[in-house]
Amino acid sequence: MLDSTPGYSLKGKRVFVAGHRGMVGSAIVRRLAGEECDIVVAPRDTVDLRRQVEVEDWMGWQRPDAVFLAAARVGGIYANDTRPAEFLYDNLMIETNVIEAARTVGVSKLLFLGSSCIYPRLAPQPIHEEALLTGPLEPTNEWYAIAKIAGIKLCQAYRRQYGRDFISLMPTNLYGPGDNFDLMSSHVVPALMAKAHRAKLDGAPLMEIWGTGTPRREFLHVDDLADAAVHLMKSYSGEQHVNVGTGRDIPIGDLAGLICDIVGFQGALKFDASKPDGTPRKLLDTRRLTELGWQPGISLIDGLTGTYGWYLKNIMESQERDRIEA
Ligand code: GFB
């Protein structure tokens, strides 16, 4: 059964976007511009969300009405696999501190953002919300997954014990403006864009793809995610977390081909099977979200083209400026 609270209006509210500098948080800030609310952000040099006292003091001073909890230690398969302590500790601390402070300062609504890696590695596809905790996790990102599962459970526990309207949303793999293009810590979309761009400039005969290229992933543009988050904040109130995706996935090898076409790299793809594939497939069942009245609006091809434009303007141009100034 779906609970909904039509009528949670953001108008005139103080809305704290935790993680406003990240890809997701900055997209939520952009989306909230049309909501006539007062957006509150926590500058990193003022408050470290991993420190309980700093979070309590800052939220006690700012007194937000609503919170989008988008702050997190995030990264792609390699970062998750090689920095397990950071992914577990940082995420547990951030979500615990913000959720508890939200309770003590009387936040009326909080939306927690998780990740589709919370589901079992071999969950039946498409993955329904009920698949949570029904099997073993994907080992490359179990640390991050455990932290995100704890976040869902915190929201549920705070609903039950304190009657707080804290909800959770589980996005599929995201991409878009503001993404991280560093090859060792990024997700696959920005990594392949940066690699294809470099290969094109160098006139390289091939570019390397990690793994076998056979795993399938579902990709959602971050502006769609931000729109879904605002929609759920305003219209959903329930203990069950809600999947957010497009309902379509593609093999990594095909994604690489698409990105090469957009970038204009015409060389070959070389698959490095010594690198991990991660989970074989991760496609979300989004029927619950559809029933709640939301659909994605940005096609993969448009989203990737726009993201490559953002990369050229914001990353390549600034690298060029740094090179000239140095
Ligand atoms: O996006 P990605 O790093 O994360 O990788 P996951 C997706 C797939 O792309 C994997 C392949 O099969 C990778 O092996 N891949 C191919 C590449 N070439 C590359 C490359 O150059 N860079 C990267 N990064 N991948 C993450 C989780 O899993 O998904 C997080 O680790 C989180 O916890 C996130 O849940 C959404 O989809 O495998």
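Each ligand, and each atom within it, is numbered from 1 in the order the structure gives.
- For the pair Arg103 and Tyr162, the cation-pi test (distance below 6.0 Å, angle within 45°) is passed.
- At a heavy-atom cutoff of 4.0 Å, ligand 1 is surrounded by Gly75, Gly76, Ile77, Asn80, Ser115, Cys117, Asn141, Tyr144, Asn173, Ser186, His187, Val188, Ala191, Leu192, Lys195, Ile209, Trp210, Pro215, Arg217, Ile252, Pro276, Asp277, Lys282.
- The pair Lys282-Glu218 does not meet the salt-bridge criterion, since no charged nitrogen lies less than 4.0 angstrom from a carboxylate oxygen.
- Of the charged side-chain nitrogens involved, at least one lies within less than 4.0 Å of a carboxylate oxygen, so that Arg159 and Asp165 count as a salt-bridged pair.
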Check: residues 177-186 side-chain donor-acceptor pairs under 3.5 Å, at least two apart:
{"from": "Asn180", "atom 1": "OD1", "to": "Asp182", "atom 2": "N", "distance (Å)": "2.9"}
{"from": "Asn180", "atom 1": "ND2", "to": "Ser185", "atom 2": "OG", "distance (Å)": "2.9"}
{"from": "Asp182", "atom 1": "OD2", "to": "Met184", "atom 2": "N", "distance (Å)": "3.4"}
{"from": "Asp182", "atom 1": "OD2", "to": "Ser185", "atom 2": "N", "distance (Å)": "3.1"}
{"from": "Asp182", "atom 1": "OD2", "to": "Ser185", "atom 2": "OG", "distance (Å)": "2.8"}
{"from": "Ser186", "atom 1": "OG", "to": "Asp182", "atom 2": "O", "distance (Å)": "2.9"}

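- Evaluation of the salt bridge (charged side-chain N to carboxylate O under 4.0 Å, His left out) rule for Arg83 yields Glu86 as partners, not counting sequence neighbours.
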Taking distance alone, no hydrogens or angles, what donor-acceptor pairs closer than 3.5 Å link side-chain atoms of residues 38-48 to residues at least two apart or in another chain?
{"from": "Asp38", "atom 1": "OD2", "to": "Arg14", "atom 2": "NH1", "distance (Å)": "3.0"}
{"from": "Asp48", "atom 1": "OD1", "to": "Arg50", "atom 2": "N", "distance (Å)": "2.9"}
{"from": "Asp48", "atom 1": "OD1", "to": "Arg50", "atom 2": "NE", "distance (Å)": "3.1"}
{"from": "Asp48", "atom 1": "OD2", "to": "Arg50", "atom 2": "NH2", "distance (Å)": "3.1"}

